[in-house]
Amino acid sequence: MRVRPVKKSAPAPAAASRSRAARRPAASTVAETTGLSGFSISTNEPLGSELVPAAAPPGPVTARPATRGARSPVAGLAPEAAALAYLDQALVNEKLASFVRPSAGAVPSEFKSLGTEALPLSGTTVVKFRQTFNKIPVYGSLVTVELDKRNACVGINSSLGTPEGVNHIAKVSPAQAAEATAKAASVSAAAITQTPRLYYYFEQRARRWRLAYILENVVTKPPKSAGRSDSPVKDFVVDAHTGKLLAELPRTATMADVVEQVRDANGKKRRITLEVRPDGKRQMRDATLNVTTFGFGFRDPSAQYPQLPGTLYASPPGWPMEAIGAHANGSEVARFMRKVLLRNNIDNRGGEMVSSVNCWDRSEGTRPARQWRNAYWNGSQMVYGQILFPDGSFYSVASMLDIVAHEMFHGVTDHTARLEYRVQAGALNESYSDIFGVIVANHGRPLGRWNWELGVGFDGPGAALRNLADPTLHGQPAHMRDYRTSTPPYTFERNDYGWVHDNSGIHNCVAHRIMTARSGSKFLFTRREIAALFYIALTVHLSRTSQFADSRRAVLQAAQSLFRADGASERARKIAAIEQGFASVGIA
């Protein structure tokens with residue numbers, strides 16, 4: 001939940017273009033160039049009959065009309081083998097003329113499986129593939145093939161690139177790439193433990209493909225200069241032919257048991273689960289949900305990053321309000337993930353969800369001392385600041401459920417789509433966290449009583465940070481015609497990483513219009529359908545460089561899967577509402 005920097009005069013707009021999707025055009029008034037083209041198709045669409053049951057490999061692929069209820073020839077195969085058969089068949093199907101296997105020179109692309117994931121929300125299985133040339137992956141590429149329980153294809157969604165004219169032989173060694181990264185990160189070479197991995201990477205500034213090494217999740221040394229320090233965790237991109245640093249991509253997105261009943265800083269009764277140690281002391285660890293809460297003693301989470309998470313709260317005379325808020329809200333988000341999204345914590349493996357309260361970034365904090373109105377996901381945990389009141393008391397940002405959910409869903413994004421935190425992909429990163437911040441905070445209420453504001457009190461008494469119903473109330477654009485353009489370099493202080501906190505309002509507006517769509521006097525979508533729709537779009541169909549138009553395709557693809565058992569007219573109304581939501585803000 002990084003707060004927007006003070007707005008400066010907008011840089012001159014950069015010329016922007018993007019390869020259009022062949023069927024659902026990925027056109028909007030502004031789009032960044034990612035080098036990738038999108039395509040999607042569902043069995044519920046007119047050409048969906050072309051996603052026919054493929055002949056079981058290694059036999060020939062025979063096209064024939066799909067028959068509902070018939071056993072698929074690939075029914076007995078493992079999902080990866082079945083998905084690859086469908087993908088191979090679709091790529092050579094002449095009726096799907098817009099979907100062909102890209103070739104760079106004489107080398108056709110291949111597809112490497114990223115694994116299989118069961119989607120309990122839709123009762124389907126998704127197999128993800130990454131596009132490769134010469135065994136080298138294409139950065140940001142993604143193909144998802146969705147299968148039902150009989151291995152019949154439900155749909156295909158893709159973002160593919162064609163890195164022509166790039167020599168696939170690296171001239172720079174991995175060790176040299178690590179050295180260049182260490183220099184850029186201002187750390188010693190020994191501190192670089194990541195393995196440099198080769199990718200075909202589309203450099204947006206030069207608008208050309210490169211062969212590059214990428215080192216992920218590198219912890220950088222904060223600068224000594226005054227002003228807000230940049231993200232402490234970044235991905236570094238190094239040209240594999242020249243050794244030149246091509247990009248720094250920020251990863252930090254800014255936001256035996258015993259049960260006790262306590263009151264939080266909002267005066268609300270909360271039940272928190274604590275762990276009892278062998279010595280009888282209680283500590284803020286919920287072993288069932290794997291949620292833990294630490295205090296950082298008003299230290300700097302950027303400058304003193306290695307000291308995170310701090311000290312685990314244990315057996316105080318009374319639990320501090322900030323600790324209660326972080327622990328109760330973190331547990332509530334974990335329960336939402338498990339019960340509503342059927343996701344096992346942030347990493348979907350039951351991994352620990354860590355929060356640190358009482359953090360104070362000296363370069364960012366405002367007077368009076370120790371006040372730091374901020375919160376963020378730092379790549380591995382949540383970090384929370386606080387607001388200081390005139391009487392000297394503190395109100396922790398962790399006491400706001402919507403902010404806690406926002407930050408934790410940055411973690412979900414990091415473990416799934418891994419959207420870059422800059423320009424349009426960064427705006428999507430922020431928007432999806434806003435969407436789930438609002439969904440989690442309101443999920444116990446009827447849809448007609450939802451509060452569409454996010455972070456009320458974060459920036460002063462009664463003041464909200466954002467409003468999904470009307471983004472313009474907080475200085476955000478609500479239509480692509482008002483999209484705020486920027487030029488590289490993308491940094492927090494210069495242009496908020498390409499105005500990610502501004503432009504997220506456009507996608508937030510779409511989400512609100514979809515969530516409040518009606519059929520007659522009734523809402524078209526239930527609360528659980530809303531959560532499932534945006535969750536599947538984010539975690540299954542988006543990738544690192546996805547744009548607003550890619551999100552449109554992703555939400556539509558998720559809807560085709562989720563509502564495939566609905567009657568044709570009901571499904572058509574839902575699809576139309578989604579299309580209208582995006583079209584209403586200029587994303588068509």
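The figures here come from the full heavy-atom set of this structure, side chains too, leaving out hydrogens, waters and symmetry mates.
Between the CD atom of Gln204 and the OG1 atom of Thr34 there is a distance of 7.0 Å, given to the nearest 0.5 Å. With rounding to the nearest 0.5 angstrom, the CD atom of Gln424 is 11.5 Å from the OG1 atom of Thr485. Note that CG of Asn508 is 11.0 Å distant from CG of Asn503, once rounded to the nearest 0.5 Å.
The backbone N or O of Leu289 sits less than 3.5 Å from a side-chain atom of Asn345, completing a donor-acceptor pair. At least one donor-acceptor pair closer than 3.5 Å links the side chain of Ser113 to the backbone N or O of Gly115. The main-chain N or O of Phe409 is found under 3.5 Å from a side-chain atom of Thr413 such that the two form a donor-acceptor pair. Ser504 places no side-chain N or O within 3.5 Å of a backbone atom of Ser431 that could act as its donor or acceptor partner.
In this structure, Ser551 and Tyr432 approach most closely via the heavy-atom pair OG-OH, 2.8 Å. Nearest approach of Trp450 to His443, heavy atoms of both residues: CZ2-CA, 4.3 Å. Summarising the geometry of Pro489 relative to Asn495, their closest heavy-atom pair is O-ND2, 3.1 Å, with the distance given to 0.1 Å. Here the closest non-hydrogen pair linking Lys234 and Pro250 is CG-CA, 4.0 Å. Between Cys509 and Pro471 the shortest heavy-atom distance is CB-CG, 4.0 Å.
Ion pairing between Glu146 and Arg564 fails under the 4.0 Å rule for side-chain N and carboxylate O.
The aromatic rings of His507 and Phe534 lie perpendicular to each other, with more than 60° between the two planes, well past the 30° mark. Note: Tyr376 and Trp372 have perpendicular aromatic rings, judged against thresholds of 30 and 60 degrees for the angle between ring planes.
Between Met400 and Tyr395 the shortest side-chain heavy-atom distance falls below 4.5 Å. Tyr305 places a side-chain heavy atom less than 4.5 Å from the side chain of Asn378. In this structure, Arg251 and Arg418 have side chains that are in contact, with non-hydrogen atoms separated by less than 4.5 Å.
For Asp148, the salt bridge (charged side-chain N to carboxylate O under 4.0 Å, His left out) criterion is met by Arg150, not counting sequence neighbours.
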